[in-house]
Amino acid sequence: MRIQVNGEPREVAEQTTVRALLETLGLGAVPVAVERNKDLVPRAQHEATRLHEGDELEVVHFVGGG
């Protein structure tokens with residue numbers, strides 16, 4: 001199925017979760033904020049939130065600094 005991640009089209013398997021997508025992107029262990037169709041997906045719901053055809057996601061990872 002086709003989704004968008006940070007404005008880029010991406011193909012993912014049916015039943016893909018936010019967590020599985022993050023792992024595919026190499027961000028499974030990194031603290032990130034995920035917005036799906038302009039709604040924030042709480043980290044506690046990443047495992048249970050399934051993606052759907054046409055979903056638009058914004059994934060932001062945090063960078064430390066001072």
Side-chain angles (χ1 to χ4, degrees):
M1 95 185 134
R2 201 166 177 94
I3 62 171
Q4 281 198 11
V5 180
N6 294 347
E8 298 292 323
R10 180 176 278 277
E11 290 285 333
V12 297
E14 295 287 331
Q15 305 297 318
T16 297
T17 64
V18 170
R19 173 79 179 159
L21 174 67
L22 293 175
E23 289 174 2
T24 299
L25 296 173
L27 299 171
V30 178
V32 295
V34 178
E35 189 179 86
R36 178 176 155 233
N37 303 324
K38 303 200 188 273
D39 291 321
L40 184 65
V41 179
R43 187 173 180 92
Q45 294 180 9
H46 287 185
E47 184 73 38
T49 302
R50 289 205 168 107
L51 302 178
H52 302 283
E53 179 76 30
D55 277 351
E56 295 181 14
L57 292 104
E58 292 294 324
V59 179
V60 180
H61 58 89
F62 302 100
V63 178

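These numbers come from the heavy atoms of this one structure, side chains and all, not from hydrogens, waters or symmetry mates.
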**Q** Nearest 0.5 Å, what's the CD-CD distance between Gln4 and Glu56?
**A**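 Those atoms lie 5.0 Å apart.
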**Q** Holding to side chain to side chain contact (heavy atoms under 4.5 Å, CB included), I want the full list of residues that pass it with Thr24, two or more places apart in sequence or in another chain.
**A**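 Checked Thr24 against side chain to side chain contact (heavy atoms under 4.5 Å, CB included); matches are Arg10.
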**Q** Can you confirm whether Leu25 sits close enough to Val32 that some side-chain heavy atom of one is under 4.5 Å from a side-chain heavy atom of the other?
**A**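 Answer no - side chains too far apart.
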**Q** Can any side-chain N or O of Thr49 pair as donor or acceptor with the backbone N or O of His46 at less than 3.5 Å?
**A**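 Not at all, since once roles are kept as given, no pair shorter than 3.5 Å links the two residues.
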**Q** Output yes when a side-chain donor or acceptor of Glu53 lies under 3.5 Å from a complementary backbone atom of Arg2, and no otherwise.
**A**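 Flag set: sc Glu53 to bb Arg2 pair under 3.5 Å.
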**Q** As an exercise, state the distance from CG of Asp55 to NE2 of His52, rounded to the nearest 0.5 Å.
**A**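 Reported to 0.5 Å precision, the distance equals 6.0 Å.
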**Q** Can you tell me how far CD of Glu58 sits from NZ of Lys38, rounded to the nearest 0.5 angstrom?
**A**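 Reported to 0.5 Å precision, the distance equals 8.0 Å.
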**Q** I need the Arg50 CZ to Arg36 CZ distance, nearest 0.5 Å.
**A**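 It is 11.5 Å, given to the nearest 0.5 Å.
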**Q** I need the Leu21 CG to Ile3 CD1 distance, nearest 0.5 Å.
**A**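 It comes to 5.0 Å.
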**Q** Whether the side chain of Asn6 engages the backbone of Val59 through a donor-acceptor N/O pair (distance < 3.5 Å, no angle test) should be reported.
**A**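 Yes: the side chain of Asn6 pairs with the backbone of Val59.
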**Q** Among residues at least two apart in sequence or on other chains, which ones pass salt bridge (charged side-chain N to carboxylate O under 4.0 Å, His left out) with Glu23?
**A**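 Per chain and number, Glu23 pairs via salt bridge (charged side-chain N to carboxylate O under 4.0 Å, His left out) with Arg19.
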**Q** On a heavy-atom basis, which atom in Ala20 and which in Thr17 lie closest, and how many Å separate them?
**A**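 Smallest heavy-atom distance, with atoms named: N-OG1, 3.0 Å.
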**Q** To the nearest 0.5 angstrom, please state how far the CG atom of Leu22 sits from the CZ atom of Arg43.
**A**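 Between atom CG of Leu22 and atom CZ of Arg43 there are 8.0 Å.
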**Q** Is Val5 reachable from Met1 through a run of hydrophobic residues whose side-chain heavy atoms are each under 4.5 Å from the next?
**A**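 Yes: a chain of side-chain contacts under 4.5 Å links Met1 to Val5.
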**Q** Do Leu40 and Leu27 belong together in a cluster built from hydrophobic side chains that touch within less than 4.5 Å?
**A**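 Unlinked, Leu40 and Leu27 end up in two clusters.
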